[in-house]
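All heavy atoms count here, side chains included; hydrogens, waters and symmetry mates do not. Counting starts at 1 for both ligands and their atoms, following the listed order.
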Amino acid sequence: MGLLTIGAFAKASRLSPKALRLYDELGLLTPARVDPVTGYRRYAPEQLDRARLVAWLRRLGMPLARIRCVCALDAGAAAREIRAFWAEVEADTAARRDLATFLIDHLSWKDPAMTETTSPLGIRYAALSDAGLVRASNQDTAYAGTRLLAVADGYGGGGGPASAAAVDALKRLETDGIPAGNLLNVLEDAVEQAQRAVRGVTEAGAGADEAGTTLTAMLWTGSRLALVHIGDSRVYLLRDGELFQITHDHTMVQAMVDEGRLSAEEAASHPQRSLLLRALGQGTPDLRLHDARRGDRYLLCSDGLSAVVPSEEIRRVLAATGEPEPAVRELVDLANASGGPDNVSCVVADVMETQG
Ligand code: MN
């Protein structure tokens, strides 16, 4: 079969002659022959597939350098590369969506103290962490104070120091005042400090590759709770007797559930359910603001609880237990009664009116 002129090839591939000349210069799509005298480009019909792929990848928004890599791969590897690219795009979009939501919440919020005459709100809280019945050590860290609630689940050699370092780095939020309007920056700085602290710990540990930690923390501002979350620890909210999971697990199985490739039931018993897609320092944490309501009860927990105790059981305990202290005790006991296969950490915080 004869070679096509650039005009005919452009028409068949739905790329403009201008785009074809650019792709030639970039080495994405080299013409089969270039006339040495006239400089006219000629294309082989077999090059149409590649030209169409380039056109579709351009439409997808893939950068040219990455298109060049994809075009050099066989079909299976190219498919995997496109999937990986799209996962990055979605993660980036999700992070920006969260940021937009955070800013909208932040800017549209009115201080209830200015408009209402209700008593100021405060939190009462308890934290408990336990090694469980199988693991030799406890790599979880749980913390609760007047402003900060946090659970971190360390993994790998050095996972314990990593989770402790992450929570320690956030503890300065307990003492530093939070300037109004500066919450997002304060949280971002705190997370950056936590990342640095974890990097320091994991790099210092000999052979501590793969070590790291999840981090799920809430900062009480006096009327709202700011949430920072990365990994597979969770936050549940008990409100009016109903239990809501307000965090999204950054795990492989959760991503498969989101894509409709796995049911929630299959995910719960999946052998790789603890495989993390994000952890502290690897990916962007979710940031969110929650308006506090009197009577709200928050639970922060590591997967040592949520993996073995059904959410209906969690709801029952949270609804039936008065003080935070016995609630965390009973939840940890339930995890251990289910075999205690993992370290388990629980933080419970109640939003209530403060007297005087
Ligand atoms: Mn765990």
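- With hydrogens and angles ignored, the 3.5 Å screen pairs a side-chain donor or acceptor of Arg147 with a backbone N or O of Glu174.
- Under 2.8 Å from the Mn ion (ligand 1), one finds the following protein N/O/S atoms: Asp153 OD2, Asp303 OD1, Asp342 OD2.
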Show me the donor-acceptor pairs within less than 3.5 Å that the side chains of residues 80-87 make with the rest of the protein, sequence neighbours left out.
{"residue": "Glu81", "atom": "OE2", "partner": "Arg66", "partner atom": "NE", "Å": "2.9"}
{"residue": "Glu81", "atom": "OE2", "partner": "Arg66", "partner atom": "NH2", "Å": "3.1"}
{"residue": "Trp86", "atom": "NE1", "partner": "Glu90", "partner atom": "OE2", "Å": "3.2"}

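- The heavy-atom pair separating Leu300 from Ala217 by the smallest distance is CD2-CA, 4.1 Å.
- For residues 276-308, no pair satisfies ring-ring contact (aromatic ring centres under 6.0 Å, His included), with sequence neighbours left out.
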Evaluate Arg234 against Asp249 for salt bridge (charged side-chain N to carboxylate O under 4.0 Å, His left out), listing each step before the verdict. CA-CA 7 Å; Arg234 289 180 178 179; Asp249 294 351; 2.6 Å; yes

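- Pairs passing the ring-ring contact (aromatic ring centres under 6.0 Å, His included) check and including a residue from residues 16-49, sequence neighbours excluded, read Phe9-Tyr43.
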